[in-house]
**Q** 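Quick one: this structure, given as structure tokens, is what I'll be asking you about.
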Amino acid sequence: MSTLETLRKRSGLLVAIVGVALLAFVLTGVFESGSTLFGGSVNSVGEIGGKKIDYAEFKNKVDKAIENQKVNNNKASLDQTETDAIVQQVWNQEINEQVLNKEYEKLGISISDEELYDLMVDHPHPALVRYISDPQTGKVAPVFADDKTGQISPAKIRQFTQAMTPEQEKQWSQLETYIRQVRIVEKYNNLIKNGLYVTTAAAKSNYIADNTNNNIKYIIKEYSVIVDSTVKPTEAELNEYYNAHQQRYKQEASRKIEYVAFNITPSSEDIIETEKEMKNIASEFKTKTVAEDSAFVVAESFNRNVDMTYHTKGTLSPIIDSTMFSAEIGTVVGPYLENGTYIISKLIGSKTAADSARVRHILIAYKDSGASPDIKRTKEAAKTMADSLLTLLKKGAKFTDFVENFSDDNGKKMPPNKSPNESFPGKGGDYGWLNANSSFVEPFKNAGLDGKKGELSVVESQFGYHIIEVMDTKGSEKKVRVVSIDKKLQPSNKTLQGIFVKASEFAGKNTSEDLFEKAVVDEKLNKRVAENVKENDRTLAGVESPRPLIKWAYENKKGVVSEPLEFGDKYIVAVVTEIREKGIAKLEEVKEQVTAKVIKAKKASQLSKELNDAIAGSPTTIDALSTKLNLPVQQAQNINFNSVALPGTSGEPSIVGAVTALKPQTLSKPLVGEKGVFLTYIESRTEAPALKDFKAQQASALSQLKPRVDYEVYEALKQNANVEEHLIKFGY
């Protein structure tokens with residue numbers, strides 16, 4: 001047997017051996033380098049300026065940022081929205097480091113320690129002021145505010161930084177880093193803004209364009225006179241237009257997803273069972289004593305909350321409000337259904353309180369109570385002091401003297417715009433009249449509204465111990481305390497299973513795009529369509545937290561139908577109906593748009609010929625042509641180069657531009673516009689008034705350019721860095 005014949009017989013084995021060897025080589029590369037068979041790196045969350053961003057390093061930064069947020073907000077965990085925001089912040093920081101920081105370094109932009117100190121202490125940066133101010137009121141936090149003016153105080157900042165705890169030092173360091181970055185960005189943007197210049201020639205040109213006005217007549221032969229279906233573009237015409245205008249069809253990678261939802265809702269059996277269960281709980285609730293109520297509510301309620309608030313009439317649910325204000329203590333109402341939740345409510349207390357009260361107070365704060373970081377006394381010492389002062393006040397001590405000598409409330413200090421004889425909120429501890437809707441803390445309000453005129457008491461709030469005197473009261477109203485047991489109406493496991501089976505059967509039977517579409521029609525389902533879905537999108541209409549669905553769409557091919565995916569209160573079955581990759585869209589992807597453009601161009605050509613034929617005939621005035629073509633003459637006044645549109649149109653920039661270039665008393669040639677083909681005639685033109693100096697126009701143009709720098713420069717640098725984001729592949 002010849003060698004050639006032997007090779008022929010063994011060729012299948014040889015191919016298999018070579019295939020295995022190649023596969024081993026490829027897989028070795030995958031496992032050694034972290035690359036993927038589909039390109040890129042399996043360990044990369046994206047690419048910025050040609051540098052791949054390592055997943056492990058990125059994840060470490062995200063985890064640290066999440067932990068910091070938990071500490072700062074005193075939370076055990078963050079919700080999805082908060083987590084998504086942090087991921088985006090970390091990603092933006094990566095862009096800053098890879099793109100912007102290089103720009104800053106190249107230009108030598110930096111912030112010295114001395115400059116940072118000035119921004120943090122001597123002349124606090126506006127971003128710092130916002131950070132340490134109440135977002136609702138805009139007031140600077142008391143620990144950083146001047147006692148008299150309420151404005152930020154460098155002295156107070158120095159005092160704070162010299163007595164910081166280790167945790168405060170850590171947070172302050174993070175704040176310094178933030179302010180340093182903010183100021184560097186400002187310097188960079190200011191460099192660009194200060195480098196902008198509008199020439200005199202440009203300012204003059206803009207001035208003339210804005211102020212040279214034309215009064216015109218025109219007729220328009222609209223494209224709508226030709227029915228679209230009568231215009232048949234050829235494939236050659238479509239290709240010619242597409243090839244000539246490809247840059248119009250640049251696109252980012254996107255997906256089109258179509259989906260149906262199977263809503264997870266309670267069945268009629270679930271409703272009956274839940275109502276039965278709540279009726280049994282209501283019967284037991286009626287037997288509980290006041291002492292047992294709170295524990296029973298916590299044990300049986302979905303929210304496990306015990307409301308200790310006394311409510312005024314009109315503040316309870318409308319379903320129980322009237323009943324609770326006329327019922328006896330111990331009355332149980334329900335179960336009743338409200339906003340998808342069964343509720344049982346019990347009246348456990350009532351009282352009569354003042355509509356409004358005037359009070360004054362002495363605040364005895366303690367360390368970390370929130371009043372001032374300067375307070376060093378313990379909570380126990382503060383309580384002892386408050387009780388002692390209360391005893392002395394009851395024996396006749398002067399209240400205002402104690403306010404002056406002992407109160408830790410900065411509100412007692414006279415504002416700089418007041419004189420000693422003028423009143424102000426807080427003077428002598430007196431904050432005037434308050435009611436149930438006043439913004440004071442609840443213990444403070446309740447002491448006033450529940451007390452009697454002349455009554456003295458000590459109550460505690462987050463600021464410390466308040467010695468409160470009720471100076472006067474007005475009116476009275478009944479208040480009630482109601483506790484409630486709630487149970488959200490939810491589908492049972494049996495119902496959930498049934499809905500899941502239904503969704504699974506739909507997905508299992510309809511495994512292609514065609515079958516999916518047919519089933520939607522046959523079963524009369526409500527199909528939703530998500531167009532142009534980007535890889536980094538975080539919202540989809542009708543889908544709660546849709547990132548897993550978007551991830552699925554980017555991991556599958558066109559026509560693939562998903563298994564049921566759970567999102568909030570629904571199962572979703574989806575199909576990928578279109579995949580678009582980054583770059584120039586293919587003709588078949590934009591054929592509809594291209595066809596519309598070609599049809600419009602063919603109509604324009606036909607209508608232009610008709611208008612040219614009309615012009616070539618008898619007298620060619622605009623009015624004569626109007627009669628000949630049976631088209632109305634329309635007029636437009638004060639049209640200049642920067643006019644947005646002509647009357648009766650949504651926008652005709654090419655027609656406006658042509659008009660400003662024509663000579664007065666001149667009939668134009670057919671002009672192709674957005675709505676149709678135009679013939680125009682300039683009746684008169686008012687030239688822009690002559691100017692010798694264009695400094696004002698230059699300044700105005702600059703004022704319009706500069707605000708664009710902050711956003712557009714960043715976007716330009718980002719675009720040049722060819723940023724690619726693949727966070728979704730890693731569940732972000």
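Along the sequence shown, the residues carry numbers beginning at 1. Bear in mind that the values here come from a model prediction, so they are computed numbers and not experimental data.
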**Q** So W172 and F144, would you call those rings parallel, tilted or perpendicular, with 30° and 60° as cut-offs?
**A**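 Plane angle under 30°, so parallel.
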
**Q** So, are E517 and K527 salt-bridged, with charged N and O less than 4.0 Å apart?
**A**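 Here E517 pairs with K527 in a salt bridge, since their nearest N and O are under 4.0 Å apart.
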
**Q** State whether K75 and E82 are salt-bridged, where the test is any N-O pair (Lys NZ or Arg NE/NH1/NH2 against Asp/Glu carboxylate O) under 4.0 Å.
**A**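 Answer for the salt bridge query: yes.
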
**Q** Which donor-acceptor pairs under 3.5 Å do side chains of residues 173-184 form with protein atoms, sequence neighbours excluded?
**A**
residue : atom : partner : partner atom : Å
T177    : OG1  : S173    : O            : 3.1
R180    : NH1  : I111    : O            : 2.6
R183    : NH1  : E186    : OE1          : 3.0

**Q** Does a side-chain N-to-carboxylate-O contact under 4.0 Å join E94 and K61?
**A**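 Counted as a salt bridge, because a side-chain N and a carboxylate O are separated by less than 4.0 Å.
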
**Q** Does the cation-pi check pass for R547 over Y732, that is, NZ or CZ under 6.0 Å from the six-membered ring centre and within 45° of its axis?
**A**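 The answer is no, since R547 fails at least one limit relative to Y732.
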
**Q** Donor-acceptor pairs under 3.5 angstrom involving side-chain atoms of residues 560-570: please list them, not counting sequence neighbours.
**A**
residue : atom : partner : partner atom : Å
S562    : OG   : A574    : N            : 2.9
K570    : NZ   : G542    : O            : 3.2

**Q** Decide, yes or no, whether a salt bridge links K603 with D228 under the criterion of side-chain N to carboxylate O below 4.0 Å.
**A**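 Yes, K603 and D228 are salt-bridged.
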
**Q** Is D122 paired with R158 through a side-chain N to carboxylate O contact shorter than 4.0 Å?
**A**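 Salt bridge between R158 and D122, a charged N being under 4.0 Å from a carboxylate O: yes.
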
**Q** Taking the side chain from T161 and the backbone from I157, do they hold a donor-acceptor pair closer than 3.5 Å?
**A**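 The answer is yes, because a donor-acceptor pair under 3.5 Å joins these two groups.
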
**Q** State whether a side-chain donor-acceptor pair under 3.5 Å links N532 with K534.
**A**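 On atom types as modelled, these side chains qualify, holding a pair under 3.5 Å.
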
**Q** Checking Q704 side chain against A701 main chain: does a donor-acceptor pair fall under 3.5 Å?
**A**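 Not at all, since once roles are kept as given, no pair shorter than 3.5 Å links the two residues.
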
**Q** Answer yes or no: is there an ion pair linking E167 with K170, defined by an N-O contact shorter than 4.0 Å?
**A**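 Judged by the 4.0 Å cut-off on N to carboxylate O distance, E167 and K170 do not form a salt bridge.
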
**Q** Can you establish whether the number of heavy atoms outside K64 located under 6.0 Å from its atom NZ is more than 12?
**A**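 No, not enclosed.
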
**Q** What about the rings of Y249 and H245, do their centers lie closer together than 6.0 Å?
**A**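 Here the rings of H245 and Y249 have centres that are no less than 6.0 Å from each other.
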
**Q** Just to verify, which of D210, N206, N211 counts as forming a side chain to side chain donor-acceptor pair (under 3.5 Å) with N642?
**A**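 Among D210, N206, N211, the one that satisfies the side chain to side chain donor-acceptor pair (under 3.5 Å) with N642 is D210.
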
**Q** Does a sphere of radius 6.0 Å around OH in Y197 hold more than 12 heavy atoms from other residues, nucleotides or ligands, not counting ones at 6.0 Å or beyond?
**A**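 Yes, the 6.0 Å shell around OH holds more than 12 heavy atoms from other groups.
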
**Q** For V709 and Y714, run side-chain contact (heavy atoms from CB on, under 4.5 Å): C-alpha distance rounded to whole Å, both residues' side-chain angles, the deciding distance at 0.1 Å, then the answer.
**A** CA-CA 8 Å; V709 168; Y714 172 77; over 6 Å; no

**Q** Between D710 and K193, is the closest basic N to carboxylate O distance under 4.0 Å?
**A**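 Counted as a salt bridge, because a side-chain N and a carboxylate O are separated by less than 4.0 Å.
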
**Q** When you check the gap from the basic side-chain N to the acidic O, do K586 and E581 get nearer than 4.0 Å?
**A**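 Salt bridge between K586 and E581, a charged N being under 4.0 Å from a carboxylate O: no.
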
**Q** Should E555 and K551 count as an ion pair when the cut-off is N to O under 4.0 Å?
**A**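 Salt bridge between E555 and K551, a charged N being under 4.0 Å from a carboxylate O: yes.
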
**Q** One thing to verify: whether R538 and D84 come together as a salt bridge, which I'm taking to mean a side-chain N less than 4.0 angstrom from a carboxylate O.
**A**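 Yes, charged N to carboxylate O under 4.0 Å.
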
**Q** Between OG of S254 and NZ of K582, what distance do you get to the nearest 0.5 Å?
**A**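 Here the rounded value is 12.5 Å.
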
**Q** Can you list the residues that meet the side-chain hydrogen bond (donor to acceptor under 3.5 Å, both in side chains) rule with N60, with sequence neighbours excluded?
**A**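 Expected list: none.
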
**Q** Output yes when E235 and K591 qualify as a salt bridge under the 4.0 Å nitrogen-oxygen rule, no when they do not.
**A**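 A salt bridge links E235 with K591.
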
**Q** Out of E513, E578, E258, which residue meets the salt bridge (charged side-chain N to carboxylate O under 4.0 Å, His left out) rule with K558?
**A**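 One option only clears the test, and that one is E513.
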
**Q** Check each of K597, Q246, R248 against Y241 using the side chain to side chain donor-acceptor pair (under 3.5 Å) test, and report the only one that passes.
**A**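 When K597, Q246, R248 are each tested with Y241, the side chain to side chain donor-acceptor pair (under 3.5 Å) holds only for R248.
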
**Q** Does the gap between the ring centers of F262 and F500 come in under 6.0 Å?
**A**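 No; F500 has its ring centre 6.0 Å or more from that of F262.
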
**Q** Any idea which heavy atoms bring A203 and V198 closest together, and the distance?
**A**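 Closest approach of A203 to V198, heavy atoms only: N-CG1, 4.1 Å.
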
